[in-house]
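Everything below concerns the one structure shown next.
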Amino acid sequence: MSGGCNPSRSPDYVTDPDSVLRDKVTWRFGRAPDYTMNRRTYAETKSKSHATDSIEHLVENLVKNWEVEASHKPILEEWRTIDPTTYTFSVNGGPSQTAKHMLQVGTYNAIISPNSYYSPENSSFETSHKTFKRMMPSFAWEVLEVYSPPPVVAFRWRHWGTMKSDYVGYNDQGCRIRIKAHGGQIDIQGVTVAKVNDKFQITSLETWFDPLEMFAQMRPDDKTLNVEFDDRDTPEEEDFGGPSRYRFPITSSPGQD
């Protein structure tokens, strides 16, 4: 569906994908993040080009600005893309999460459930972002199609990038997993239903996707996977420096797909 919209009457966070990056707020790492590489990947390899007055364009910008705030604004009251009094987030029909919960655990940990490659229980906000951004420095996102207009916006999306470095993380059994980088593309898709208010702020997000598809694309064959049965290092210690706050018992190897 391509509904016509009037951008002149819309808030800046739905007309400009980088609007919240210019906010004078408290940033998680002291300054606004640099999304130049992400935006370049999007511009060069996107599959859709939406008209600026389309609902697809506005929804795409809203979600991009929401992701910036969820990942980089540690003070909830400074988020502009949500209604903090009603906002909830859920994945694959799971329980609703609050914005405060996402601020505590991080976007990756809020979205990915424990599995044989990764577990949010064994990764902090900081290490989760370092794990995935080290492996894939640019992870672009686009709206493919919008199925219904506000206030209940259902849409299909695509998230993609290139696996440039090894994936290193801890799984649901506490095993340290390394998947060798293959230099190819990782491309996943999903569906989201976003409820918005009259200011186009998000009041709830329900997302459906297969997180194991991402890990399956990381390892085209069994030779790329390495499971280590010791807990001498965590991702923080070995890969990113600094003392670790986590120690995980090693109990068994992850199951193979």
Nearest heavy atoms of Phe155 and Ala194, plus distance in Å: CE2-CB, 4.1 Å
Which atom of Ser96 lies closest to which atom of Thr88, heavy atoms considered: CB-CB, 4.0 Å
Atom pair OG (Ser119) and CG (Asn171), whose distance is rounded to the nearest 0.5 Å: 7.5 Å
SB check Asp12 Arg80 (cutoff 4.0 Å): yes
Single-linkage hydrophobic cluster Tyr42~Val59, side-chain heavy atoms < 4.5 angstrom: no
Sidechain-backbone polar pair: His57 side chain, Val14 backbone, donor-acceptor under 3.5 Å: no
Short side-chain to backbone donor-acceptor contact, Asn92 and Gly94, under 3.5 Å: no
Side chains of Thr98 and Phe89 in contact at under 4.5 Å (non-hydrogen atoms): no
Closest non-hydrogen atom pair, Asp172 against Pro114: CB-CB, 4.0 Å
Audit row: Val153, Val146, side chain to side chain contact (heavy atoms under 4.5 Å, CB included) steps and yes/no: CA-CA 7 Å; Val153 187; Val146 173; 3.9 Å; yes
Inter-residue atom distance Asp53.CG - Thr15.OG1, 0.5 Å rounding: 12.5 Å
Test side chain to side chain contact (heavy atoms under 4.5 Å, CB included) applied to Phe132 and Thr107, step by step: CA-CA 11 Å; Phe132 290 102; Thr107 50; over 6 Å; no
4.5 Å side-chain heavy-atom contact, Pro151 and Lys195: no
Distance, nearest 0.5 Å, that separates CG of Asn122 from OG of Ser128: 12.0 Å
Pairing residues for Glu67 by the side-chain contact (heavy atoms from CB on, under 4.5 Å) criterion, not counting sequence neighbours: Tyr35, Ser71
Joint hydrophobic cluster, Trp141 plus Ile82, side-chain heavy atoms closer than 4.5 Å: yes
Distance-minimising heavy-atom pair for Thr41 and Ala140: CG2-CB, 3.9 Å
Separation between CD of Glu213 and CG of Asp187, rounded to the nearest 0.5 Å: 9.0 Å
Met218 CE to Met136 CE distance, which is reported to the nearest 0.5 Å: 6.0 Å
Pairwise side-chain contact, Phe200 with Pro150, heavy-atom cut-off 4.5 Å (strictly under): yes
From CA spacing to verdict: salt bridge (charged side-chain N to carboxylate O under 4.0 Å, His left out), Glu142, Arg158: CA-CA 5 Å; Glu142 68 175 340; Arg158 173 184 176 233; 3.0 Å; yes
Atom pair CD/CD of Gln217 and Gln185 - distance to nearest 0.5 Å: 8.0 Å
Arg28 side chain near Phe125 side chain, heavy-atom distance below 4.5 Å: yes
Expected output: side-chain Asn38 to main-chain Phe139 donor-acceptor under 3.5 Å: yes
Mind listing the side-chain donor-acceptor pairs of residues 161-168 below 3.5 Å, one per line with the distance, residues two or more places apart or on another chain?
{"from": "Ser165", "atom 1": "OG", "to": "Arg134", "atom 2": "O", "distance (Å)": "3.4"}
{"from": "Asp166", "atom 1": "OD1", "to": "Ala181", "atom 2": "N", "distance (Å)": "2.9"}
{"from": "Asp166", "atom 1": "OD2", "to": "Arg178", "atom 2": "NH1", "distance (Å)": "3.2"}
{"from": "Tyr167", "atom 1": "OH", "to": "Tyr117", "atom 2": "O", "distance (Å)": "2.8"}

By side-chain contact (heavy atoms from CB on, under 4.5 Å) - contacts of Gln201 (at least two apart): Tyr13, Asp83, Asn197, Lys199
Heavy-atom check, side chain of Ser47 versus side chain of Leu144, under 4.5 Å: yes
Donor-acceptor contact present, side-chain Gln97 to main-chain Met102, <3.5 Å: no
Common cluster, Leu212/Ile111, ILVMFWY with side-chain heavy-atom separation under 4.5 Å: yes
Note: Glu78-Lys73 ion pair, threshold 4.0 Å (strictly below): no
Connected via hydrophobic side-chain network under 4.5 Å: Trp79 and Val105: no
Minimum-distance pair of heavy atoms, taken over all atoms of Ala70 and Leu103: O-CD2, 4.4 Å
Donor-acceptor pair, side chain of Ser204 and main chain of Tyr87, under 3.5 angstrom: no
Non-hydrogen side-chain atoms of Val191 and Phe209 separated by less than 4.5 Å: no
Thr81 side chain vs Leu62 backbone, donor-acceptor pair below 3.5 Å: no
Aromatic plane relationship, Trp157 with His159 - under 30° parallel, 30 to 60° tilted, over 60° perpendicular: perpendicular
Common cluster, Val143/Ile188, ILVMFWY with side-chain heavy-atom separation under 4.5 Å: yes
Thr45 and Trp160, any side-chain heavy atoms less than 4.5 Å apart: yes
Any donor-acceptor pair under 3.5 Å from Glu69 side chain to Val20 backbone: no
Non-hydrogen side-chain atoms of Ser90 and Leu205 separated by less than 4.5 Å: no
Exercise: do Ser123 and Thr127 side chains pair donor with acceptor under 3.5 Å: yes
Derivation of the side chain to side chain contact (heavy atoms under 4.5 Å, CB included) call for Trp208 and Thr192: CA-CA 6 Å; Trp208 289 267; Thr192 294; over 6 Å; no
Heavy-atom closest contact (Ala154 atom, Ser148 atom, distance): N-OG, 3.0 Å
